[in-house]
Amino acid sequence: MDFALTEEQEMIREAAREFAEKDLVPHAPEWDRNREFPRSAVTKLGELGFLGMMVDPQWDGAGLDSISYVLAMEEISRGCASTGVIMSVNNSLVCDPLERFGTDQQREIYLKPLAAGKRLGSYCLTEPQAGSDAGATKTTAVKDGDEWIINGVKIFVTNGAFADTFIVYAVTDPGKKTRGISAFLVEKERDGFSVGTREKTMGIRGSCTSELIFDNVRVPDYALLGELNKGFKVAMITLNGGRIGIASQALGIAQAAYERSLEYAQTRKQFDVPIGTFQAIQWKLADMATKIQAARLLTWEAAHLKDLGQDYSVMAARAKLLASRVAVEVADEAVQLHGGYGYVEEFHVERHYRDAKITELYEGTSEIQRVVISRALMNR
Ligand SMILES: Cc1cc2nc3c(=O)[nH]c(=O)nc-3n(C[C@H](O)[C@H](O)[C@H](O)COP(=O)(O)OP(=O)(O)OC[C@H]3O[C@@H](n4cnc5c(N)ncnc54)[C@H](O)[C@@H]3O)c2cc1C
């Protein structure tokens with residue numbers, strides 16, 4: 001792997017940083033405080049091509065590689081972790097499976113507006129009894145003529161109340177667990193679809209995590225994504241890519257916490273000297289920078305494997321496992337380094353601390369990443 005970025009990748013990173021500095025950093029605290037969905041930022045992300053980054057231009061995407069995607073995801077998440085997850089879900093969990101498993105008709109109807117940022121997507125797998133055990137899905141889809149009728153409740157759906165197009169996983173062959181699940185494309189305009197409770201989350205408060213209700217929602221035959229009863233595979237393959245996105249989100253959060261700490265260490269004085277003069281503080285910064293770079297390289301390796309068309313599932317799990325832990329540890333140290341001010345809203349690091357934790361939970365908890373990694377080791 002060549003560690004040098006191409007001119008195009010550098011440009012993408014620069015563009016994402018510029019956008020984040022101007023349109024995200026100044027507003028992120030307020031979105032967090034008010035639990036406000038960053039609508040205007042998401043619209044701009046779409047206009048800049050950041051919502052369908054890896055989609056072929058034929059389907060209105062930007063046609064970029066996964067390395068460019070992780071670079072942009074890190075920068076956007078450094079500016080606002082909520083905007084980061086909104087972007088990650090649309091790119092990795094919605095556009096990617098649509099392009100990969102969809103028919104040309106589905107790409108034309110559903111993918112194009114999602115890749116262009118004209119519509120926003122959601123990934124609906126989790127249910128109250130089906131979290132890590134996603135095969136315990138109870139939502140059903142029953143064939144009726146040339147339509148499917150979907151019934152059930154999905155929870156914890158990112159973008160939920162603000163999304164337009166949903167990939168919904170439902171049981172099509174009861175009793176067969178993971179072998180009886182299929183994926184469906186559902187638009188918010190369908191009768192019987194409604195948004196339930198919005199969760200009051202610890203972090204990423206600008207993003208919207210909602211319950212979604214499907215009450216006799218009818219979709220056409222062509223809304224079936226991928227093969228009948230092969231939806232669980234669609235869900236799992238999708239999450240492999242999603243984990244690269246979340247690893248990048250974690251990197252962005254960690255980088256923001258680190259940069260604020262570095263600046264604070266040089267400006268905050270105690271005992272008549274900047275606290276950065278103390279070796280205890282210097283070592284914290286050294287550890288933060290080292291951990292972030294290690295996690296970044298693993299994330300880049302996963303993205304690189306994806307770009308090569310090789311199996312990246314284990315590397316994506318490793319990248320998410322490490323980057324999410326690094327984000328939590330770095331944000332924790334950032335609060336510590338800021339002393340009492342770290343506990344106060346105006347100094348931002350408490351937000352990074354709250355934002356970091358989710359990266360260890362969604363798109364497979366850290367325990368589930370370890371299951372994926374160790375399973376591959378044992379099967380060698
Ligand atoms: C803010 C937020 C946004 C989310 N966005 C989405 C979304 O857009 N779409 C979506 O479908 N879902 C989403 N989720 C759901 C998320 O992916 C799940 O919460 C997560 O997969 C864990 O499931 P659970 O909460 O049911 O925990 P559980 O599965 O009940 O896990 C509880 C604990 O048991 C551990 N555990 C479970 N099984 C095992 C095992 N086999 N081995 C070892 N340990 C195990 C877990 O690691 C965890 O520590 C979101 C969640 C949150 C909080």
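Only a predicted model underlies this, so the values are computations on that prediction, with no experimental measurement involved. Residue numbers run from 1 in the order of the sequence given. In listed order, ligands and their atoms are each counted from 1.
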Q: Please compare Phe166, Phe156, Tyr123 and report which has the shortest non-hydrogen distance to atom 6 (C) of ligand 1.
A: Phe156
Q: What about Thr158: any of its N or O atoms under 3.5 Å from an N or O on ligand 1?
A: yes
Q: Out of Ile368, Ile358, Thr365, whose heavy atom is nearest to atom 22 (C) of ligand 1?
A: Thr365
Q: Any non-hydrogen protein atom below 4.0 Å of atom 33 (C) of ligand 1?
A: no
Q: Measuring from atom 29 (O) of ligand 1, which candidate in Gly364, Ser132, Pro128 has the nearest non-hydrogen atom?
A: Ser132
Q: Is the shortest side-chain heavy-atom distance between Arg370 and Leu321 below 4.5 Å?
A: yes
Q: With side chains defined as the heavy atoms from C-beta onward, is the minimum distance between Ile167 and Pro97 less than 4.5 Å?
A: yes
Q: Can you pull out every salt bridge (charged side-chain N to carboxylate O under 4.0 Å, His left out) where at least one residue sits in residues 286-304? Sequence neighbours excluded, please.
A: Glu74-Arg296, Lys291-Glu329
Q: To the nearest 0.1 Å, how far is atom 20 (C) of ligand 1 from its closest protein heavy atom, and which atom is that?
A: Leu361 O, 3.6 Å
Q: Do the side-chain N and O atoms of Ser122 and Asn159 include a donor-acceptor pair separated by under 3.5 angstrom?
A: no
Q: If we ignore angles and hydrogens, is there a donor and acceptor under 3.5 Å between the side chains of Tyr362 and Gln249?
A: yes
Q: Mark up the atoms of ligand 1 that fall under 4.0 Å of a heavy atom belonging to Gly131, in ascending order.
A: 23 (O), 24 (P), 26 (O), 29 (O)
Q: Determine whether Pro38 and Ile86 make a side-chain contact, defined as any pair of heavy atoms from C-beta on separated by less than 4.5 Å.
A: yes
Q: Taking ring pair (Phe, Tyr, Trp, His ring centres under 6.0 Å) as the definition, give me every residue that meets it alongside Phe101, ordered by chain and number, with sequence neighbours left out.
A: none
Q: Which atoms of ligand 1 are found less than 4.0 Å from any heavy atom of Glu363?
A: 17 (O)
Q: Can you tell whether the side chains of Glu18 and Lys44 come within less than 4.0 Å, N to carboxylate O?
A: no
Q: If we only count N/O pairs under 3.5 Å, is Ile155 in contact with ligand 1?
A: no
Q: For ligand 1, which atoms have a heavy atom of Glu367 less than 4.0 angstrom away?
A: 43 (C), 44 (N), 46 (C), 47 (O), 49 (O)
Q: As a test of the contact definition, would atom 53 (C) of ligand 1 count as having a protein heavy-atom neighbour under 4.0 Å?
A: yes
Q: I want to check something: taking the side chain as every heavy atom from C-beta on, are Val89 and Val94 in contact at a cut-off of under 4.5 Å?
A: yes
Q: Considering only heavy atoms, which of Thr126, Val371, Ile204 lies nearest to atom 11 (O) of ligand 1?
A: Thr126
Q: Any atom of ligand 1 sitting under 4.0 Å from a heavy atom of Thr209?
A: yes
